[in-house]
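Labels below follow one simple rule: chain letters A, B, ... track the order of the sequence lines, proteins then strands, and each chain is numbered from 1. If you're wondering where the values come from, they're calculated on a predicted model, not measured in any experiment.
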Protein chains: 2
Amino acid sequence: MAVLEKVAVQPAAKTVQDTLPLDTILMDDCIDAMRSLPAKSVDMIFADPPYNLQLGGDLLRPDGSQVDAVDDDWDKFDTFAAYDKFTRDWLAEARRILKDNGSIWVIGSYHNIFRVGTAVQDLGFWILNDIIWRKANPMPNFRGTRFTNAHETLIWASMGEKAKYTFNYRSMKTLNDELQMRSDWEFPICGGPERLKKDGTKVHPTQKPEALLYRVMLAASKPGDVILDPFFGTGTTGAVAKRLGRRWIGIERESKYVAAARERIQAALPLDESQLRTMQANTKKPPRVAFGQLVENGYLAPGTVLADARHRWQAVVGADGSLTCEGQAGSIHKLGSLVQERESCNGWTFWHYEVDGAWKPIDTLRQTYLLATQP
Amino acid sequence: MAVLEKVAVQPAAKTVQDTLPLDTILMDDCIDAMRSLPAKSVDMIFADPPYNLQLGGDLLRPDGSQVDAVDDDWDKFDTFAAYDKFTRDWLAEARRILKDNGSIWVIGSYHNIFRVGTAVQDLGFWILNDIIWRKANPMPNFRGTRFTNAHETLIWASMGEKAKYTFNYRSMKTLNDELQMRSDWEFPICGGPERLKKDGTKVHPTQKPEALLYRVMLAASKPGDVILDPFFGTGTTGAVAKRLGRRWIGIERESKYVAAARERIQAALPLDESQLRTMQANTKKPPRVAFGQLVENGYLAPGTVLADARHRWQAVVGADGSLTCEGQAGSIHKLGSLVQERESCNGWTFWHYEVDGAWKPIDTLRQTYLLATQP
DNA sequence: GTCGACATTGAATCTTACG
DNA sequence: ACGTAAGATTCAATGTCGA
C-alpha cells in the first residue's frame, strides 16, 4: 500500500479554484488578505497563529548564556480579550473560505490553545481530534520550576458535526507500520539544515518541522487540494504542499519572512515515496522506562529493600523512586555509583530485589512492565 | 504608647484545617458541597469534571460510546453556554476554597478541555503546565474515521501569575531516572485488578489509573496537605491520597460511586513515614553558608589559589572571603561571572581547589563544613 | 579525513532572601 | 515596597575546532 495517492485528473470546467491566487504569497494583514478570497474555495487551512507567550524578563541557562526568546511584536496582545477577538476574527474568515468538506488545523501551546479551541467550537467547527506533537528534543526548564514543556497541541476540525472531511486512514496506517495512527506524534524540533538561517541566526523564531506538515497534509488532504496558511512565516506549509503535489496560498505580513519563504519554496523538490518513508520512519527505539514508573504502577512498593548481587549494600525504595542507603539518597544509578565510589553505575543491573527467596536484578521487573504495557 | 493595651487573645490553636471534613466523602451536588467549605482551606484540587450536557440536564462523562448519543436537535450555542456556566461556577468555588499557595489540576479531553482551560485563565488562575497523559493501551478507533484518541490533557494552574506553588522538582527528576520530568506522561489505562467491577461490569466509566494521581500528588503536594476532589467518582484521589499520607475530601453525588469509593479507600494501605520519604523531604534546606565562613574557620587559607575546572582562570582567596584575579575582585559568584563575561555564575560549582593533586569544586568544602557543623 | 571534546541553541508565561 | 546579591539550574542535536 502506497502512502502517496495518485494525482486526480484535472476537471475541464472553470472552477472557483481557477480564480484563486494559487501557489503565491499574499503579503498583507492576515484578515484583510482572507477577505479578498472567495467563499468555500479552499480544501484545508493550516494555521500557526501567534501564541501570546507574554514572557517576562530574560532567561539564563545554567551556564549563564541567554535564551533567545520570542519577543516579536506580532506575538504581543494586551489582554485575553484582545487575543480572543483576533482569534475569532481570523477563524470566522477561515470558516467562510473553507469548502463545506474542508478542514482546519491550528497549532498552539497552553498559552493560547484553550482559547483557540473554544473559539473553534463556538464558531461551529466540529473538532475531530486534538493531536499532540511530542518534541523529541525540547528546550529544558532551566530553572527547575515546572515540568519540561515538551509538546505542542494541534486541533483538527471539520466544518460541522455532519460535515464530510478527508481522512486518509489507509495512508496513516501504512505510515505507522500497520498500526492505527495515534493522536500523539513524535518529531524533533526544526533544526539542522532544514532551519532557515541568515547571517548565522534563525530567520524565524518558530519555524515548524516539515515532517509535521507532511503528516498533516498526508492525513487530511488529497493531491491537487488547495491549502491555505494564514500565518505563513517562512513557508513550511508551501514547501511541503509543493513537494506533496498540493496547491497552496500563503498569507504573511512581514517582508523578510516572505522573501525567505519564496526562495525556499522555489528550491523545494517534489517528493517520492522512499524519501517520505525515511522522513516519517517510525521511531523504533524501545520505550524508555524509568525506575519510578515501576513504583508508580505498583510493581515495586515504597519500603522495599534492594541489595547488590553480593549483598554488600542494602537500600530502601522511596515513594518517588529514590533509594536510601546509610544516609545517602538518590536515583538507582546515582546511589549505585555513590556506594561503590565509582563515576557511574547501571542501577538496573546493580540493584536486586527478592522474589520467592531469590534475588533478581530490577531490570527483570522492567521487562515485565514493558511486556504488560506495550501493545 | 497607647493607654489601653490590647488584650493578647490566645487563639485556640484551632486551624481552618480542623474544621474541614477530612478524609470523608460529601454526598451532594458538587457546587453546593463546595459552598459549605471554608475559604483558603485546601492545598490542592484535582478535578475530573463531566464533559458535556444532555438536553435532559444530566452530565455525561467522556465515555466514547456516549459521545454520539447526544440529542441531535440541541442548539450548540446553548449547550456550550450551559457547560461554560457550570464550569465557571465550580471553578469559582474551587478558587475560593484553595489556599493562596495552592494549585489546581483538571483533566479532560478535546470535548471539554478547551472550554475548561479558557475558564481557568479567565478566572485568574495561572497555567503552569498542560500535561499529556499518553495512554499506553488506548481504545482503537474502530471505524477508522479519525486518529486513535490516545491521550487526555491535564491542566495544572496556580492561583495567579505571582502566586507560589508546590513543585517537588527533585522528586520528579529522581522518579524519571535523573532526567527532568517532561509534560507528556505515559501510563496504561485503568484495568486489571485495579479496575472496580460489580457483577462483572465496570462500576465507573472513566476510572482514572492510580499511577496518574500518584504522580500528580508527588509532584505538587506535600505529606499532610489537604486535597479536594469535587468529582470524586470511585475515589481514586482518596485512595492515592491515603497511600501517600495526604488528607482528602471527596464530593460525589451518586450513591453507588460513594459506596464503591468508601469500600476501596478503606482497603487502601497507607505508606509509613519512612516509605514516604522523597528527595524533596530529604533535601530540607541546609542553612546558608557564606564562602567567608570557610575561610574564617580554616577550611581554606587566605592566599589559596582557586581555578575553574579547565584552568582558564586562577584566583586568590582573600582574608575576607573575596577572590582576586587579574586585578578584578569580588565574591566567588561575582568574579566567576566577571571573568567569564556571563551575566551570572554559581561560584560554588565554578571554582575548584586542589586537594591531594585533584581539583574539586569548592562546593564539596561547603558540604564538609555543613556535615561538621550540623548536629 | 576522522574522531572526540567542546560550544551553541531551541515558542519559556523559569528564584529567593535579605536589607 | 523595591533593589541587590546569593544561589540553583539543562536535554538533545547540531556545529566547530583541534589533535
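- Within the structure, a side-chain polar atom (N or O) of A:Asn149 is placed less than 4.0 Å from OP1 or OP2 of C:dT13.
- Taking B:Lys360 as the reference, B:Tyr353, B:Val355, B:Thr364 meet the side-chain contact (heavy atoms from CB on, under 4.5 Å) condition, with sequence neighbours excluded.
- A:Pro209 comes within 4.0 angstrom of no nucleic acid atom, judged by non-hydrogen atoms across all strands.
- Counting only N and O atoms by type, the side chains of A:His151 and B:Asp130 include a donor and acceptor under 3.5 Å apart.
- A:Lys202 and A:Asp68 are joined by a salt bridge, as a carboxylate oxygen and a charged side-chain nitrogen come within less than 4.0 angstrom of each other.
- In this structure, A:Pro138 reaches the bases: a heavy-atom distance under 4.0 Å links it to at least one base atom across the strands shown.
- One finds no salt bridge joining B:Glu186 and A:Arg288 here, because no Lys/Arg side-chain nitrogen approaches an Asp/Glu carboxylate oxygen to under 4.0 Å.
- Distances shown here put every side-chain N or O of B:His333 at or beyond 4.0 Å from the OP1 or OP2 atom of D:dA6.
- With the nearest nucleotide of DNA chain D identified for both A:Gly192 and B:Leu179, B:Leu179 has the one nearer the 5' end.
- Geometrically, A:Lys135 engages A:Trp133 in a cation-pi contact, judged by NZ or CZ lying under 6.0 Å from the ring centre and within 45° of the ring axis.
- When each of A:Gly191 and A:Thr148 is assigned the nucleotide of DNA chain D bearing its nearest heavy atom, the one mapping closer to the 5' terminus is A:Thr148.
- Between B:Arg288 and D:dA8 there is no side-chain N or O to OP1 or OP2 distance below 4.0 Å.
- In C:dT13 the base sits syn relative to the sugar, since the glycosidic angle is no further than 90° from 0.
- The base of C:dT16 is not paired with the side chain of A:Arg143 by any donor and acceptor separated by under 3.5 Å.
- Between the CH2 atom of A:Trp74 and the P atom of C:dA11 there is a distance of 10 Å, given to the nearest Å.
- Mapping A:His204 and A:Thr145 onto DNA chain C by nearest heavy atom places A:His204 at the nucleotide closer to the 5' end.
- Heavy atoms only, all atoms of each residue included: A:Gly250 and A:Phe232 are closest at CA-CD1, 3.4 Å.
- Residue-level contact check: B:Thr349 touches neither bases nor backbone, having no heavy atom under 4.0 Å from any strand.
- Relative to the side chain of A:Leu59, the nucleotides D:dC11, C:dC14, C:dT13 differ in distance, and C:dC14 lies closest.
- A:Ser109 comes within contact range of no nucleotide atom at all, as no heavy-atom separation falls under 4.0 Å.
- For A:Phe142, there are no ring-ring contact (aromatic ring centres under 6.0 Å, His included) partners at least two apart in sequence or on another chain.
- Taking 4.0 Å as the cut-off between side-chain N and carboxylate O, A:Arg61 and A:Asp63 do not count as a salt-bridged pair.
- Of the possible polar contacts, one joining the B:Gln293 side chain to the B:Ala290 backbone as a donor-acceptor pair under 3.5 Å is found.
- Only the P atoms considered, C:dA11 is 23 Å distant from C:dA7, to the nearest whole Å.
- With a 6.0 Å radius and a threshold of 12 heavy atoms from other residues, nucleotides or ligands, A:Glu263 has its CD atom at or below the threshold.
- In this structure A:Arg264 satisfies the salt bridge (Lys or Arg N to Asp or Glu O under 4.0 Å) test together with A:Glu210, sequence neighbours excluded.
- For the side-chain hydrogen bond (donor to acceptor under 3.5 Å, both in side chains) test, residues two or more places apart in sequence or in another chain that qualify with A:Asp84 are A:Arg115.
- Not counting sequence neighbours, the partners of B:Val295 by the side-chain contact (heavy atoms from CB on, under 4.5 Å) test are B:Phe291, B:Pro302, B:Val317.
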I'd like a table of atom pairs between the protein and nucleotides 2-4 of chain C - only N or O on both sides, under 3.5 Å - with the distance next to each one.
none

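- Distance, B:Gln367 CD to D:dG7 C1': 13 Å, rounded to whole Å.
- Whole-Å rounding puts the A:Ile113 CD1 to C:dT13 P distance at 15 Å.
- Contacts between residues 156-166 of chain B and DNA chain C, counted as heavy-atom distances below 4.0 Å, involve no residue at all.
- Here side chain to side chain donor-acceptor pair (under 3.5 Å) pairs that include residues 312-334 of chain B, with residues two or more places apart or in two chains, are B:Asp308-B:Arg312, B:Asp320-B:Ser322.
- Regarding A:Phe187, its CZ atom lies at a distance of 18 Å from the C1' atom of C:dA11, rounded to whole Å.
- At a cut-off of 3.5 angstrom, counting only N and O atoms as typed in the model, there is no donor on one side facing an acceptor on the other between the side-chain of A:Lys135 and the base of D:dA12.
- Distance check on atom C1': D:dA8 versus C:dA17 gives 13 Å, rounded to whole Å.
- Mapping A:Pro140 and A:Ile189 onto DNA chain C by nearest heavy atom places A:Ile189 at the nucleotide closer to the 5' end.
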For this session: Let me have DNA chain C in dot-bracket notation, would you? Count Watson-Crick plus G-U wobble pairs, both distances under 3.5 Å, and use [ ] for pairs crossing earlier ones and | for inter-strand partners.
Result: .|||||||||....|||||
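- Here B:Arg182 lies out of heavy-atom contact (under 4.0 Å) with every strand.
- Using a 4.0 Å heavy-atom distance criterion, B:Trp348 is classed as a sugar-phosphate-only contact.
- Spacing between atom OH of B:Tyr169 and atom C1' of C:dT16 amounts to 17 Å, rounded to whole angstrom units.
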Distances under 3.5 Å only, N/O to N/O: pair up the protein atoms with those of nucleotides 7-9 of chain C.
| unit_1 | atom_1 | unit_2 | atom_2 | d |
| --- | --- | --- | --- | --- |
| C:dA7 | OP1 | B:Arg310 | NH1 | 2.2 |
| C:dA7 | OP1 | B:Arg310 | NH2 | 3.3 |
| C:dA7 | OP2 | B:Arg310 | NH1 | 3.3 |

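- Nucleic acid contact class of A:Gly108 (heavy atoms, under 4.0 Å, all strands): none.
- Legend: residues meeting side-chain contact (heavy atoms from CB on, under 4.5 Å) with B:Ala315, ordered by chain and number and at least two apart, are B:Leu323, B:Cys325, B:Leu335, B:Trp351.
- At whole-Å resolution of the value, CG in A:Asp48 and P in C:dA11 are 11 Å apart.
- Nucleotide C:dC14 holds its C1' atom 12 Å from the CG atom of A:Asp58, rounded to whole Å.
- Here D:dA8 is the nucleotide among C:dA11, D:dA8, C:dT13 with the atom lying nearest to any side-chain atom of B:Ser344.
- Comparing C:dA11, D:dA6, C:dA12 by their closest approach to the side chain of B:Ser331 singles out D:dA6.
- Taking a centre distance below 5.5 Å and an interplanar angle below 30 degrees as the stacking criterion, A:Phe142 does not stack against the six-membered base ring of C:dC14.
- A ring-centre distance under 6.0 Å is found for A:Phe231 and A:Trp90.
- Not counting sequence neighbours, the partners of B:Asp363 by the salt bridge (Lys or Arg N to Asp or Glu O under 4.0 Å) test are B:Arg366.
- Nucleotide C:dT13 holds its C1' atom 9 Å from the CG atom of A:Asn52, rounded to whole Å.
- Distances shorter than 4.0 Å separate none of the side-chain N or O atoms of A:Tyr83 from OP1 or OP2 on C:dT13.
- Taking atom C1' on both D:dA5 and C:dA12, the two are 24 Å apart, rounded to the nearest angstrom.
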